[in-house]
Amino acid sequence: MHLQDIYIYPIKSLGGIRVETANLEERGFQFDRRWMLVDHEGTFLSQRTFSKMALLQVEIFSDKMEVFEKNQLEMRLTIPFDCKTDGLIDVSIWEDTVKGLLIKKEINDWFSESLGMDCRLVLMPESTRRKLKPKYAVHGESVSFADAMPYLIIGQSSLDDLNMKLTDSVPMDRFRPNLVFNGGAPFEEDNWNKVKIGEAIFKVTKPCARCVMTTVDQLTGEKGKEPLRTLSTYRTFQNQVMFGQNMLLLEGKQVQVGDDVLPL
């Protein structure tokens, strides 16, 4: 088995980026979900409720991010990594409330206009520690603005198995993994406790419960019923639909496409 794809999602719930190499950090890949859009109360926004967020794509450069609308490439927003902020505010993601740095008003105005709703962009500073639940943590690890865990892995064979059951196949981007590997049986990853990828070692913590976000077409922003409807017929455990495995980092600094994937 080999690492086939690596994805990062700099701004939570916006378009992801496929990269050849990624630096590993405790809370997730470098740049992964370090920014997040929130409403006026500081509550996180996602495609679950606002599927139009899928139409905003992010690009990463050495000193900045750029955000653009997938169907209007000329509509670009530049966000320098050293962008001025308006101080810390409380932001909520699921049951967690942490401090986020509020990005300046001009940037927030761009997002509000593009998405047609009042929203603000926040950055997770290094000082913010969003701790994992003790039952999943190994050494008191923290996570970014990701839903639950620092890393998510899915086998290509698992998606192939699902697509054989669908009338219209779906791409991997519906499931927003960080790591995709090829080889092995469908749902091979369900049986892992630890896995070595290149020189890095990860602890598999729990299956990833899936929601309506998997039904959002990442190119059009339109919602449907698949693949969640079909997936629920054979991947439901304790009333949750599972696809992919969450992980945390035990050791390692970097992974790259082509790395060997070895369950431990």
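Index from 1, following the sequence.
- Every side-chain hydrogen bond (donor to acceptor under 3.5 Å, both in side chains) that Lys99 has, sequence neighbours left out, goes to Asp90.
- What you find for Gly221 and Ala54 is that their closest heavy atoms are CA-CB, 4.3 Å.
- Across every non-hydrogen atom of Pro125 and Gly100, the tightest pair is CD-CA, 4.2 Å.
- The main-chain N or O of Gln47 is found under 3.5 Å from a side-chain atom of Ser13 such that the two form a donor-acceptor pair.
- Looking at residues two or more places apart in sequence or on another chain, you find a side-chain hydrogen bond (donor to acceptor under 3.5 Å, both in side chains) between Arg130 and Asp96.
- Of the inter-residue distances, the one linking Asn246 atom CG with Met149 atom CE reads 6.0 Å to the nearest 0.5 angstrom.
- Partners of Lys165 under the salt bridge (charged side-chain N to carboxylate O under 4.0 Å, His left out) rule, at least two apart in sequence or in another chain, are Asp161.
- The stretch residues 184-213 participates, sequence neighbours left out, in these salt bridge (charged side-chain N to carboxylate O under 4.0 Å, His left out) pairs: Asp190-Arg235.
- When side chains are defined from C-beta on, Val241 counts as touching Leu228, because their heavy atoms get closer than 4.5 Å.
- You'll find the side chain of Val255 reaches within 4.5 Å of the side chain of Ile6, heavy atoms only.
- For Thr205, there are no side-chain hydrogen bond (donor to acceptor under 3.5 Å, both in side chains) partners two or more places apart in sequence or in a different chain.
- Note on Ile60: it clusters hydrophobically with Leu77, by side-chain heavy-atom contacts below 4.5 Å among ILVMFWY residues.
- Placement of Val180 and Met1 in two distinct hydrophobic clusters is found when ILVMFWY residues are connected by side-chain heavy-atom separations under 4.5 Å, directly or transitively.
- Summarising the local packing, CD of Gln238 is surrounded by 12 or fewer heavy atoms from other residues, nucleotides or ligands at distances under 6.0 Å.
- The shortest distance between side-chain heavy atoms of Leu262 and Val195 does not fall below 4.5 Å.
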Using the ring-ring contact (aromatic ring centres under 6.0 Å, His included) rule, take Trp192 and Phe181 through it: C-alpha gap first, then chi angles, then the decisive distance, then the call. CA-CA 13 Å; Trp192 297 350; Phe181 67 94; 5.0 Å; yes
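- Legend: salt bridge (charged side-chain N to carboxylate O under 4.0 Å, His left out) pairs involving residues 211-231, not counting sequence neighbours, sorted by first then second residue: Glu226-Arg229.
- Stacking of Lys133 on the aromatic ring of Tyr136 is not recorded, the 6.0 Å distance cut-off and the 45° axial limit not both being met.
- Rounded to the nearest 0.5 Å, atoms CZ (Phe187) and OG (Ser157) are 9.5 Å apart.
- Leu123 contributes atom CG, which lies 5.5 Å from atom CG of Leu101 (distance to the nearest 0.5 angstrom).
- The side-chain hydrogen bond (donor to acceptor under 3.5 Å, both in side chains) check on Thr97 picks up Ser92, with sequence neighbours excluded.
- Among residue pairs with one or both ends in residues 246-264, none qualify as salt bridge (charged side-chain N to carboxylate O under 4.0 Å, His left out); sequence neighbours excluded.
- Taking every heavy atom of both residues into account, Gln256 and Thr21 meet most closely at CB-OG1, 3.6 Å.
- Looking at Ser142, its side chain never comes within 3.5 Å of a backbone N or O of Arg27 through a donor-acceptor pair.
- Sorted by first then second residue, the salt bridge (charged side-chain N to carboxylate O under 4.0 Å, His left out) pairs that include residues 32-59, not counting sequence neighbours, are Glu25-Arg34, Arg48-Asp147, Glu59-Arg76.
- Linking Ile, Leu, Val, Met, Phe, Trp and Tyr whenever their side-chain heavy atoms come within less than 4.5 Å puts Val19 and Met247 in one cluster.
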Please lay out, stage by stage, how Leu45 and Met117 fare under the test side chain to side chain contact (heavy atoms under 4.5 Å, CB included). CA-CA 11 Å; Leu45 303 176; Met117 59 183 176; 3.8 Å; yes
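- A distance-only check finds a donor-acceptor pair linking the side chain of Thr233 to the backbone of Thr230 [under 3.5 Å].
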Criterion side chain to side chain contact (heavy atoms under 4.5 Å, CB included) on Ile17 and Tyr7, from CA distance to verdict: CA-CA 5 Å; Ile17 305 168; Tyr7 295 99; over 6 Å; no
Chi angles and distances behind the side chain to side chain contact (heavy atoms under 4.5 Å, CB included) call for Leu115, Phe50: CA-CA 9 Å; Leu115 293 172; Phe50 305 102; over 6 Å; no
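- At least one donor-acceptor pair closer than 3.5 Å links the side chain of Gln57 to the backbone N or O of Gly16.
- With Lys12 contributing its side chain and Ser46 its backbone, the two residues share no donor-acceptor pair below 3.5 Å.
- In this structure, the side chain of Lys70 does not engage the main chain of Gly15 through any donor-acceptor pair within 3.5 Å.
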Evaluate the criterion side chain to side chain contact (heavy atoms under 4.5 Å, CB included) for residue pair Leu3 and Leu179; output intermediate values, then yes/no. CA-CA 7 Å; Leu3 189 57; Leu179 304 113; 3.8 Å; yes
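- Atom CG of Leu121 sits about 5.0 Å away from atom CD1 of Ile79, to the nearest 0.5 Å.
- A 4.5 Å side-chain heavy-atom check between Phe243 and Ile154 finds at least one atom pair inside the cut-off.
- Residues passing the salt bridge (charged side-chain N to carboxylate O under 4.0 Å, His left out) test with Lys104, sequence neighbours excluded: Glu106.
- Proximity of a side-chain donor or acceptor of Ser144 to a complementary backbone N or O of Gly28 within less than 3.5 Å is not detected.
- With sequence neighbours left out, the salt bridge (charged side-chain N to carboxylate O under 4.0 Å, His left out) criterion links Glu74 to no other residue.
- Every ring pair (Phe, Tyr, Trp, His ring centres under 6.0 Å) that Phe202 has, sequence neighbours left out, goes to Tyr151.
- Under the 4.5 Å side-chain heavy-atom criterion for ILVMFWY residues, no single connected hydrophobic cluster contains both Leu219 and Met75.
- A distance of 8.5 Å separates CG in Leu264 from CG in Asn193, rounded to the nearest 0.5 Å.
- Residues Asn23 and Gln254 bring a donor and an acceptor atom of their side chains to less than 3.5 Å of each other.
- Results of the ring pair (Phe, Tyr, Trp, His ring centres under 6.0 Å) test with Phe44 over Trp94, Trp35, Phe145 single out Trp94 as the only residue that passes.
- For the atom pair Arg120 CZ and Leu102 CG, the distance stands at 5.5 Å (nearest 0.5 Å).
- With a 4.5 Å cut-off on side-chain heavy atoms, Phe237 and Pro207 do not count as touching.
- The minimum heavy-atom distance between Ile107 and Cys83, with the atom names listed, is CD1-SG, 3.5 Å.
- With hydrogens and angles ignored, the 3.5 Å screen pairs a side-chain donor or acceptor of Ser112 with a backbone N or O of Asn108.
- Phe29 and Leu250 end up in different hydrophobic clusters when Ile, Leu, Val, Met, Phe, Trp and Tyr side chains are linked at under 4.5 Å.
- Counting only distance, with no hydrogens or angles, the side chain of Asp173 and the backbone of Gln218 share no donor-acceptor pair below 3.5 Å.
- Side-chain contact between Leu162 and Leu231 is present, with at least one heavy-atom pair separated by less than 4.5 Å.
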